[in-house]
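Protein chains get the first letters and strands the later ones, always in sequence-line order, with residue 1 at the start of each. The basis for the numbers below is simple: all heavy atoms, side chains too, and nothing from hydrogens, waters or symmetry mates.
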Amino acid sequence: MKEYNHLKIESKWQKEWEKKGIYHAENPTKDGASNSKKPKYYSLIEFPYPSGEGLHVGHPRPYIGMDIISRKRRLQGYNVLYPIGWDAFGLPTENYAIKTGKDPRVVTKKNTDTFRKQIQSLGISFDWSREINTTDPKYYKWTQWIFLQFLKKGLAYKKKMEINWCPKDKIGLANEEVITRSTGSGQAGYCERCGTPVEKREKEQWMLAITKYADRLYKDLDEVDYLPQIKLGQRNWIGKSEGAEIDFKIKDSSEKIKIFTTRADTIFGAFAVILAPEHELVQKSKSQIKNFSEVEKYLNEVKKKTDIERTSEDKDKTGIELKGLKAINPVNNEEIPIWIADFILVQYGTGAVFADMHDERDFAFAKKYKMSMRQSVMPLFEDKVHPWVKDKKIVERKAIHAVIRKNNGDILLLYWKGEEWKGKPPVTFVIGGVENGENLIDAAMREIREETGFLNLKFVEQLPISTQSRFFAAHKDVNRIANVTCLVFDLINEDRAEVDKKEKKLHDWKFVSVNKVAQDLNIEDDKLFFNYLNKPSTFVGEGVLIDSGKFTGMPSVEARQKIIKEVGGKIVTKFKLRDWVFSRQRYWGEPIPVIFCNTCGTVPVPEKDLPVELPKVKNYQPTDSGESPLANIKSFVDTRCPLCKGKAKRETDTMPNWAGSSWYYLRYVDSKNNKAFAGKKNLEYWLGNDQVVGGVNWYNGGNEHTTLHLLYSRFWHKFLYDLKLVPTNEPYMKRTSHGMILGEGGVKMSKSLGNVINPNEIVKTYGADTMRVYEMFMGPFDQSVAWSTESIIGARRFIEKVWRIQAKLVNDFERSGRGRDPENRGPEKLFTSEAYINLKRLLHKTIKKVSEDIEDMRFNTAVSSMMILATEMEKAENVSVDDFKMFLKILSPFAPHVTEELWSMLGEKKTINLSEWPKWEESLIKDEEVKIMVQINGKVRGEIIIHVDEQKEDVRDKALKDADIVKYVEGKDIKRIIYVKGRLINIVL
RNA sequence: GGGCGAGUGGUGUAAUUGGUAAACACGCCAGUCUUAGGAACUGGUGGCGCAAGCCGUGGGAGUUCAAGUCUCCCCUCGCCCACCA
């Protein structure tokens with residue numbers, strides 16, 4: 001037997017495959033039909049950003065994963081497109097250029113060459129003939145072209161925007177270049193490179209109106225097969241919320257305030273209208289605002305803060321009342337104050353809200369400025385026990401206090417103050433003594449202090465955890481509910497006589513456990529009930545209205561509709577999603593193809609003049625005024641207006657890095673086309689004709705790209721679909737994510753930490769096949785795993801084991817029809833032997849498992865099952881060639897080189913990569929005899945072998961006869977027997 | 001603060017979805033082979049116990065004949081989002 005030499009084998013087959021082009025996807029013929037009559041399959045990975053750090057072992061994991069899918073599809077008879085390219089515009093290269101003065105083109109060329117070489121050594125079945133690069137003018141010509149289509153349709157527009165500005169570097173910063181640090185008063189942003197605090201600056205920016213597509217981007221998620229968490233991420237980002245716009249009149253003024261709310265049912269509790277500081281009303285009503293000078297001071301303070309400061313979590317909400325202005329609540333004509341506050345965002349909704357105590361932010365704000373609040377909604381409590389209580393219950397205020405008293409150390413009693421009910425439980429009762437902003441516990445504590453003189457009262461949650469646990473252990477019955485609100489009296493240092501006196505006073509009150517209150521009221525959800533009692537102010541769920549005039553008692557959902565109607569509000573849908581800032585004052589990006597002419601205005605560059613090539617510059621630093629370095633290149637800026645031929649200037653902003661990656665999957669289908677971004681026939685073939693879904697069959701990428709990149713490319717795709725330039729509504733049918741590979745020890749792999757593992761090192765010592773198998777085996781594909789060079793040897797041993805099996809091979813007599821094996825281990829013997837049959841069974845089980853696991857990306861368990869098979873084959877005296885070949889086929893997507901070598905050594909002339917995926921035989925998978933567990937009272941006491949189809953009674957008899965079992969059962973009654981078919985039998989004594 | 005996910009041997013992890021916990025692999029121990037070392041192969045390897053056996057999936061309760069898996073409470077970690085009315 002030849003020795004396994006991965007170096008020779010791998011480079012040999014990589015050359016051979018490239019020479020024969022077996023991974024080249026076939027485009028359709030001119031009439032649009034498939035060349036090969038095979039169905040198409042388009043599998044996609046996120047194309048890499050070729051950084052100067054080079055490839056590390058984390059990069060290839062997703063490529064290998066999709067490679068396995070793609071290779072399996074080829075064996076299943078698909079015409080597979082599995083392409084790769086470079087997302088090469090990017091900040092690191094640009095910053096490197098600023099620092100060193102090196103041309104990013106040169107750097108990028110070098111980096112992509114390195115990456116390509118590294119990736120090619122792994123034997124991934126990419127179609128390299130379609131390689132693309134976003135920085136190639138032939139590519140970005142079409143990125144610019146698509147931008148012009150946006151411009152034509154009015155979806156690209158210019159707007160003054162605030163950007164992050166580093167005053168030292170004189171450069172606009174992308175959000176990812178701003179680092180946030182905590183300061184005394186919240187958080188602030190700093191320049192990533194020089195640490196200077198970031199300032200705000202207004203700049204005219206190109207915008208793309210993605211909000212026009214918000215609704216469709218949201219709705220169409222129903223149609224695609226993305227992992228649930230990915231859909232959720234998309235939905236959260238788009239942030240759809242249905243609500244109403246309601247006008248509040250202003251007293252003694254013709255002005256109105258339009259507010260947005262999703263909870264119109266809480267309007268009876270409105271105690272103020274709060275505006276964003278930028279709200280137009282502030283300036284419009286200048287003359288009526290009595291404290292305008294103070295207001296102005298406040299506005300200036302707000303203006304100074306950056307967005308980060310303004311929205312940081314630990315920051316106090318601030319605001320100021322607009323004195324002299326009153327808003328009129330349209331539902332009851334109440335006059336309420338108007339405030340401005342920095343936590344109201346001008347860009348969301350209408351930039352104005354009414355405040356109610358059920359909103360946590362409003363509540364906190366009102367508490368801080370000591371505004372008076374009123375409750376308007378409360379939860380409903382269901383009474384299912386008492387037939388006379390038909391409706392859900394409204395619990396009003398009368399008096400429920402929860403108190404815990406000490407008794408030999410701790411006592412536990414929950415206090416209910418109020419009249420005891422007799423017979424029927426009261427349907428309503430009222431919580432008393434709860435003042436503005438005070439919760440039930442505070443109120444109870446205060447009252448008890450006042451009445452009894454107990455000063456050392458504690459809320460159970462204020463005790464150390466260990467004490468709490470002991471406490472609840474001693475009072476198991478109340479544990480479940482009482483742990484939220486128990487009060488503890490600390491009597492340790494008190495005079496005994498004094499305590500007795502106080503306790504007597506306390507006993508004059510009525511003590512009832514809260515469980516009992518809930519129980520007596522038949523309140524089902526006693527936890528909700530209790531939480532509500534505890535903190536009525538911040539109850540935010542759907543409930544029923546209270547103190548709301550004719551709406552009192554109405555469920556909030558119903559009331560919401562009616563109130564909106566009553567006050568003439570308009571039902572609207574709002575989105576969090578904001579338009580996409582589509583320009584940067586930076587060098588390394590696609591120039592935005594627009595010309596400014598003094599007579600004609602903003603003029604798009606004619607399509608025939610595309611691409612607008614990125615000119616060479618000497619200095620990559622933006623200008624002192626913050627324009628892109630292109631602004632210094634006279635030959636670029638100065639041009640002629642395409643319309644009037646007069647003197648004009650070019651736009652010097654460039655596109656953001658997301659631009660090129662928003663449509664790259666379209667270019668792959670026709671990467672050399674110079675008449676269109678891709679030909680129609682190819683698009684229809686590769687994306688499919690199904691307008692509803694269609695698109696790339698399977699797209700796998702990183703978690704970090706499942707919101708923005710995915711959303712942006714869906715947006716572009718839908719736009720192109722509307723222009724009838726792509727055949728499908730959605731770009732990707734199916735999307736999954738992979739987990740990262742971390743450095744040894746579980747930290748991120750990075751050059752600065754010095755824990756980067758270069759895949760080439762691994763390929764050199766262990767081979768690409770070993771590395772591929774290991775990366776798939778190391779853990780679940782969608783989870784992060786720490787790299788371990790120590791463990792990789794296991795994958796190598798597996799490959800070597802497979803290699804050694806060739807020494808065991810014999811022809812399968814029945815299938816080959818050839819004569820006797822000369823070496824007296826005759827084929828008949830092999831064919832009939834039990835070992836042979838068992839091995840064949842195992843093979844078919846493995847085929848099934850691997851086939852199914854690949855579809856779910858459970859590569860780790862697929863590898864594990866093949867390891868078991870390899871071990872069994874190696875142990876066997878003989879292995880049938882045909883069986884071994886089947887094994888090679890299912891292993892080939894994981895380890896393409898070694899399987900190809902073994903395949904050809906067995907005399908096969910055609911590549912294993914285009915053979916066919918084996919099918920498992922159902923009859924060989926079903927076991928006839930199975931081992932089942934015998935349990936006594938749920939504990940395993942023995943095992944027996946039965947025939948699968950045996951009846952419960954027979955299995956029982958067999959089990960009871962078993963020697964291990966007899967001793968347990970003897971002299972005892974059998975109460976019950978549970979038989980789980982083919983698994984276990986449980987005898988309950 | 002919100003959302004999502006996770007916690008299982010010394011390590012990476014598996015568990016047919018409520019049915020033998022730890023498959024597979026790394027490591028470790030012993031053996032075979034070898035001049036030696038390594039590689040490879042074979043066997044062993046959750047804890048306590050001489051043993052029968054008992055305990056064991058972050059902690060605590062519960063449902064069940066049966067819980068890693070379901071329910072409730074608590075703790076810890078990771079990711080994403082972050083004042084979205």
Side-chain angles (χ1 to χ4, degrees), chain A residues 228-230 232-233 235-237 239-241 243 259-263 266 274 310-315 317 341-345 347-356 358-362 364-365 465 468-469 472-473 476 479-481 483-484 527 574-578 703-704 706-707 739-740 746 773-774 777-780 782-798 800-801 804 849 858 860-868 871 874-875 931-943 975-989:
Chain A
Q229 64 268 31
I230 298 176
L232 196 74
R235 290 211 166 95
N236 284 344
W237 193 265
K240 184 177 179 174
S241 65
I259 63 90
F260 175 68
T261 180
T262 54
R263 289 298 299 269
T266 61
I274 312 181
R310 223 178 116 177
T311 58
S312 72
E313 90 183 87
D314 42 343
K315 188 193 68 68
K317 299 186 188 339
D342 59 353
F343 72 97
I344 303 298
L345 306 174
Q347 67 275 45
Y348 186 75
T350 57
V353 300
F354 68 73
D356 82 281
H358 299 288
D359 183 286
E360 265 181 82
R361 293 153 305 177
D362 295 348
F365 186 69
I465 296 286
Q468 280 186 42
S469 318
F472 289 123
K476 282 187 180 155
N479 177 359
R480 225 189 101 226
I481 190 144
N483 59 6
V484 196
K527 193 185 157 217
K574 299 273 177 192
F575 297 94
K576 276 200 279 191
L577 186 68
R578 284 196 257 156
N703 275 315
E704 67 276 24
T706 50
T707 37
M740 273 194 304
V773 168
Y774 177 62
F777 178 68
M778 59 196 304
D782 59 349
Q783 270 167 50
S784 301
V785 223
W787 179 261
S788 162
T789 300
E790 205 182 42
S791 301
I792 203 171
I793 188 70
R796 168 73 186 203
R797 284 177 191 153
F798 165 63
E800 285 178 9
K801 193 177 276 189
R804 281 196 305 269
K849 175 138 185 73
R858 288 195 307 260
N860 52 335
T861 50
V863 171
S864 149
S865 68
M866 287 190 286
M867 283 175 168
I868 295 170
T871 304
E874 212 211 5
K875 271 192 208 162
K931 194 169 73 178
I932 66 161
M933 294 300 110
V934 184
Q935 294 185 331
I936 305 288
N937 288 339
K939 295 213 176 207
V940 179
R941 297 299 183 188
E943 51 190 49
K975 284 195 192 135
R976 230 173 123 184
I977 288 184
I978 292 120
Y979 174 56
V980 183
K981 194 165 183 272
R983 288 225 177 278
L984 58 78
I985 181 160
N986 189 5
I987 300 165
V988 186
L989 299 175

Nearest listed nucleotide, side chain of [X], among [options]:
X        : options                : answer
A:Glu800 : B:rG19, B:rA40, B:rA82 : B:rA40
A:Asn986 : B:rG19, B:rA85, B:rU20 : B:rG19
A:Pro780 : B:rC4, B:rA85, B:rU13  : B:rU13
A:Asn860 : B:rC65, B:rC24, B:rA14 : B:rA14
A:Leu345 : B:rA85, B:rC4, B:rA14  : B:rA85
A:Val785 : B:rU13, B:rA25, B:rU20 : B:rU13

For nucleotides 27-29 of chain B, which of its nitrogen or oxygen atoms have a protein nitrogen or oxygen under 3.5 Å away, and what is each distance?
residue: B:rG27; atom: OP2; partner: A:Arg797; partner atom: NH1; Å: 3.4

Check your understanding: Any idea if B:rG53 is syn or anti, going by the 90°-from-0 cut?
Key ->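 B:rG53: anti glycosidic orientation.
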Next item on the list: Enter syn or anti for the glycosidic conformation of B:rU69, syn applying to angles within 90° of 0.
Entry: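 In terms of base orientation relative to the sugar, B:rU69 is anti.
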Would you classify [X] as touching base, sugar-phosphate or nothing, given that sugar-phosphate means primed atoms plus P, OP1 and OP2, and contacts are heavy atoms under 4.0 Å?
X        : answer
A:Ser864 : base
A:Ser241 : sugar-phosphate
A:Val988 : sugar-phosphate
A:Lys931 : base
A:Asp356 : nothing
A:Met933 : base
A:Ile868 : sugar-phosphate

Gap in Å between the two [atom1] atoms, one belonging to [N] and one to [M], rounded:
N      : M      : atom1 : value
B:rU76 : B:rG60 : C1'   : 15 Å
B:rU13 : B:rG27 : C1'   : 14 Å
B:rG47 : B:rU42 : P     : 24 Å
B:rC41 : B:rA25 : P     : 10 Å
B:rG7  : B:rU69 : P     : 11 Å
B:rU32 : B:rA21 : C1'   : 33 Å
B:rU20 : B:rA14 : C1'   : 14 Å
B:rC4  : B:rG49 : P     : 45 Å

Please state how far atom [atom1] in [X] lies from atom [atom2] in [N], giving the value in whole angstrom units.
X        : N      : atom1 : atom2 : value
A:Asp362 : B:rC83 : CG    : C1'   : 10 Å
A:Ile978 : B:rA66 : CD1   : P     : 8 Å
A:Arg941 : B:rA66 : CZ    : P     : 14 Å
A:Arg796 : B:rC26 : CZ    : P     : 14 Å
A:Lys240 : B:rA85 : NZ    : C1'   : 18 Å
A:Asp782 : B:rC80 : CG    : P     : 16 Å
A:Trp787 : B:rC26 : CH2   : P     : 15 Å
A:Lys981 : B:rG19 : NZ    : C1'   : 15 Å

- What are the two closest heavy atoms between A:Val773 and A:Ala795, and how far apart are they?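 Nearest pair, atom of A:Val773 first, then A:Ala795: CG1-CB, 3.9 Å.
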Excluding sequence neighbours, so at least two apart, what forms salt bridge (charged side-chain N to carboxylate O under 4.0 Å, His left out) with [X]?
X        : result
A:Glu800 : A:Arg796
A:Lys801 : none
A:Arg804 : A:Glu874
A:Lys849 : A:Asp853

Quick check on RNA chain B: between A:Glu874 and A:Tyr348, whose nearest nucleotide comes earlier from the 5' end?
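Its nearest nucleotide lies further toward 5', so the answer is A:Glu874.
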Of A:Leu984 and A:Val863, whose nearest nucleotide on RNA chain B comes first from the 5' end?
->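 Checking each residue's closest nucleotide, the 5'-ward one belongs to A:Leu984.
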Q | Donor-acceptor under 3.5 Å (A:Asp362 side chain, A:Asp356 main chain) | A |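 Looks like yes, one N/O pair under 3.5 Å.
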Between the side chain of A:Thr871 and the main-chain N/O of A:Met867, is any donor-acceptor distance below 3.5 Å?
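Present.
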Has the side chain of A:Gln783 got a donor or acceptor that lies under 3.5 Å from a partner of the other kind on the base of B:rG5?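 Counting by modelled atom types and ignoring angles, no donor-acceptor contact under 3.5 Å is found here.
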Taking only residues two or more places apart in sequence, or in another chain, which ones meet [X] in a side chain to side chain contact (heavy atoms under 4.5 Å, CB included)?
X        : value
A:Lys240 : A:Asp215, A:Tyr218, A:Glu242, A:Thr573, A:Phe575
A:Arg797 : A:Ile793
A:Val934 : A:Ile944, A:Ala959, A:Ile965, A:Ile985, A:Ile987

Can you check nucleotides 15-17 of chain B for protein contacts, nitrogen or oxygen pairs under 3.5 Å, and list what you find?
residue: B:rU16; atom: O2; partner: A:Arg983; partner atom: NH2; Å: 2.6
residue: B:rU16; atom: N3; partner: A:Arg983; partner atom: NH1; Å: 2.9
residue: B:rU16; atom: N3; partner: A:Arg983; partner atom: NH2; Å: 3.1

Item to check | Residues in ring-ring contact (aromatic ring centres under 6.0 Å, His included) contact with A:Tyr348, at least two apart in sequence or another chain | outcome: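 ring-ring contact (aromatic ring centres under 6.0 Å, His included) check on A:Tyr348 returns nothing, list empty.
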Please list, chain by chain and in numerical order, all residues satisfying ring-ring contact (aromatic ring centres under 6.0 Å, His included) with A:Tyr774, sequence neighbours excluded.
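For A:Tyr774 the ring-ring contact (aromatic ring centres under 6.0 Å, His included) partners, ignoring immediate neighbours, are A:Trp787.
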* **Runs of at least three Watson-Crick or G-U pairs with RNA chain B, cut-off 3.5 Å** =>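 So the stems come out as B:1-7 with B:75-81, B:10-12 with B:24-26, B:27-32 with B:40-45, B:46-48 with B:53-55, B:58-62 with B:70-74.
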Margin query: With side chain to side chain contact (heavy atoms under 4.5 Å, CB included) as the criterion, how do A:Phe260 and A:Thr262 come out once you've worked through the C-alpha distance, each side chain's angles and the decisive distance to 0.1 Å?
Written below: CA-CA 7 Å; A:Phe260 175 68; A:Thr262 54; 4.3 Å; yes
